[in-house]
Amino acid sequence: MSRLLQIYNSMLNFYGPQGWWPLTSCKNGSKKTDEPDNGKGYHPGDYSFPKNSRQRFEICIGAVLTQNTAWTNVEKALVNLRENKLLSANSIKKADVEILKKSIKPAGYYNQKSVYLKELADFFISLKGKVPARGELMNVKGIGPETADSILLYAYNQLEFVVDNYTKRIFSETGFFDKSANYHKIKEIFISKLPEDIVIYQEFHALIVLHAKLAFAGGKTGFRKTEILKFN
DNA sequence: AGCCAGGCTACCG
DNA sequence: CGGTAGCATGGC
């Protein structure tokens, strides 16, 4: 077993399954899967999401809205979008851009992100339900490597490992690769050391984010190696 | 009062 | 090409 897989198993054992991607429109065990959840919207241990096209699209726009932005702010934006009936590709496509901006304002960068959401809606509609290729996803303005992989992994259950700043920071400081390693290089390292398993890809990224949030919490001072090494 | 958050684009040399 | 300023809000 690779060291990365050992770390994954330890983290999963310690924190438990995270149930990413969080959906405001899912309620675990509920028959009505398109109604607002009264909890956080997570579905730990249930890998049957997204259950429909609307949930798939919600993951896509959440992936854009959370760029360099705390998820708590994204949730506020998603609630606003829901209240304004703007959680579907068709409604965002038709939406007045000022209404759209106002809805997503809590998630920040609303001038940029409103354009990104419009582009994303057009693209989503053009897919007609098909799974997008990574390259065409990245041709959509506002979708870079991480957002593309998040969408593919969580919205389309494709085997793409997601590399974010936390992943880079934690695993470079613990010697898995150099700090200068680029996105593709880091992604390849994880892919080469892990089984080809969607659940592992989904949970590992979620666990890394959770762990990083806790390890860095309140802390300016850099990441402490002992925090990740305890999972070794 | 700052610093930070699950990045990306555009532009710089 | 690699590097980085700018984008914006809310939480701590």
Side-chain angles (χ1 to χ4, degrees), chain A residues 8 11 15 17-24 40-44 49-50 58-81 97-98 100-120 123 134-156 160-172 177-187 190 201-224 227-228:
Chain A
Y8 165 74
M11 290 176 78
Y15 289 119
Q18 297 305 301
W20 272 31
W21 190 275
L23 280 162
T24 66
K40 284 186 140 188
Y42 288 57
H43 42 89
F49 290 88
E58 185 184 319
I59 294 172
C60 294
I61 60 179
V64 168
L65 291 175
T66 198
Q67 289 168 1
N68 202 35
T69 301
W71 183 256
T72 49
N73 287 3
V74 177
E75 283 184 326
K76 297 178 201 303
L78 290 173
V79 167
N80 291 342
L81 288 170
V97 70
E98 292 307 318
L100 186 56
K101 283 183 186 178
K102 200 171 169 184
S103 303
I104 67 173
K105 195 167 180 183
Y109 309 115
Y110 53 86
N111 290 307
Q112 293 180 348
K113 285 177 177 175
S114 59
V115 175
Y116 296 168
L117 291 192
K118 285 277 191 183
E119 303 252 344
L120 177 59
F123 178 70
R134 190 172 187 273
E136 53 177 353
L137 251 180
M138 290 198 36
N139 282 336
V140 180
K141 195 195 289 191
I143 299 185
E146 189 197 332
T147 307
D149 287 334
S150 293
I151 288 173
L152 288 169
L153 179 61
Y154 292 106
Y156 290 94
E160 301 282 356
F161 196 83
V162 178
V163 177
D164 69 336
N165 267 326
Y166 286 143
T167 311
K168 208 173 299 180
R169 196 167 157 189
I170 290 176
F171 290 92
S172 68
F177 41 81
D178 192 82
K179 249 178 294 198
S180 63
N182 65 21
Y183 188 96
H184 184 68
K185 162 104 176 169
I186 296 172
K187 182 177 171 181
F190 277 86
Y201 279 34
Q202 292 186 342
E203 288 290 1
F204 204 177
H205 175 62
L207 288 164
I208 287 168
V209 173
L210 170 65
H211 179 68
K213 280 176 177 169
L214 296 174
F216 297 141
K220 347 263 127 224
T221 63
F223 177 76
R224 297 186 300 281
E227 287 293 333
I228 186 73

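A quick note: this is a predicted structure, and the numbers were derived from the prediction, not measured.
At least one donor-acceptor pair closer than 3.5 Å links the side chain of Glu58(A) to the backbone N or O of Thr24(A). Of the possible polar contacts, one joining the Lys113(A) side chain to the Ala107(A) backbone as a donor-acceptor pair under 3.5 Å is found. A donor-acceptor pair under 3.5 Å links the side-chain atoms of Gln67(A) to the main chain of Gly142(A), judged by distance alone.
Rounded to the nearest Å, the gap between the P atom of dA8(C) and that of dA10(B) is 14 Å. For the P atoms, the distance from dC4(B) to dA5(C) is 14 Å, rounded to whole Å.
For Ala70(A) and Pro145(A), each mapped to the nucleotide of DNA chain B holding its nearest heavy atom, the one lying further toward the 5' end belongs to Ala70(A). Taking for each of Thr72(A) and Asn68(A) the nucleotide of DNA chain C with the nearest heavy atom, the 5'-most of the two is the partner of Asn68(A). Nearest-nucleotide assignment on DNA chain B puts the 5′-proximal partner with Ser150(A), out of Ser150(A) and Val140(A).
Asn182(A) places its CG atom 17 Å from the P atom of dG7(B), with the value rounded to the nearest Å. Rounded to a whole Å, the CZ atom of Arg169(A) is 10 Å from the C1' atom of dC4(B). If you measure from atom CD1 of Ile104(A) to atom P of dT9(C), you get 11 Å, rounded to the nearest angstrom. The separation between Leu120(A) atom CG and dC8(B) atom P is 13 Å, rounded to whole Å. The CG atom of Leu78(A) sits 15 Å away from the C1' atom of dT9(C) (whole-angstrom rounding). Distance, Lys105(A) NZ to dC7(C) P: 15 Å, rounded to whole Å. As rounded to whole Å, 10 Å separates atom P of dA5(B) from atom CG of Asp164(A). To the nearest angstrom, P of dG3(C) lies 18 Å from OH of Tyr183(A).
Residue Asn111(A) places its side chain closer to dA8(C) than to any other of dC8(B), dA8(C), dA5(B). Closest to the side chain of Lys141(A), from the set dA5(B), dA10(B), dT9(C), is dA10(B). Taking only side-chain atoms of Gln67(A), from C-beta outward, the nucleotide of dC7(C), dT9(C), dC8(B) with the closest atom is dC8(B).
A 3.5 Å limit on both hydrogen-bonding distances identifies dA5(B) as the Watson-Crick or G-U partner of dT9(C).
Ring geometry for Phe161(A) against Tyr201(A) counts as perpendicular: the plane angle is over 60°, on a 0 to 90° scale with 30° as the lower cut.
At dA5(B), none of the side-chain N or O atoms of Thr66(A) fall inside 4.0 Å of OP1 or OP2 (strictly under the cut-off). Between Tyr110(A) and dT9(C) there is a side-chain N or O to OP1 or OP2 distance below 4.0 Å.
Counting non-hydrogen atoms under 4.0 angstrom, Ile208(A) reaches nothing in the nucleic acid. Counting non-hydrogen atoms under 4.0 angstrom, Lys76(A) reaches the backbone sugars and phosphates but no base. Residue Gln112(A) is classed as a base contact, given a heavy-atom separation below 4.0 Å to a base. Within 4.0 Å (heavy atoms only), Asn73(A) reaches at least one base atom of the nucleic acid.
Contact annotation: the side chain of Phe190(A) never approaches that of Tyr8(A) to less than 4.5 Å [non-hydrogen atoms, C-beta and beyond].
Checked against a 6.0 Å centroid threshold, the rings of Tyr116(A) and Tyr109(A) do not count as neighbours.
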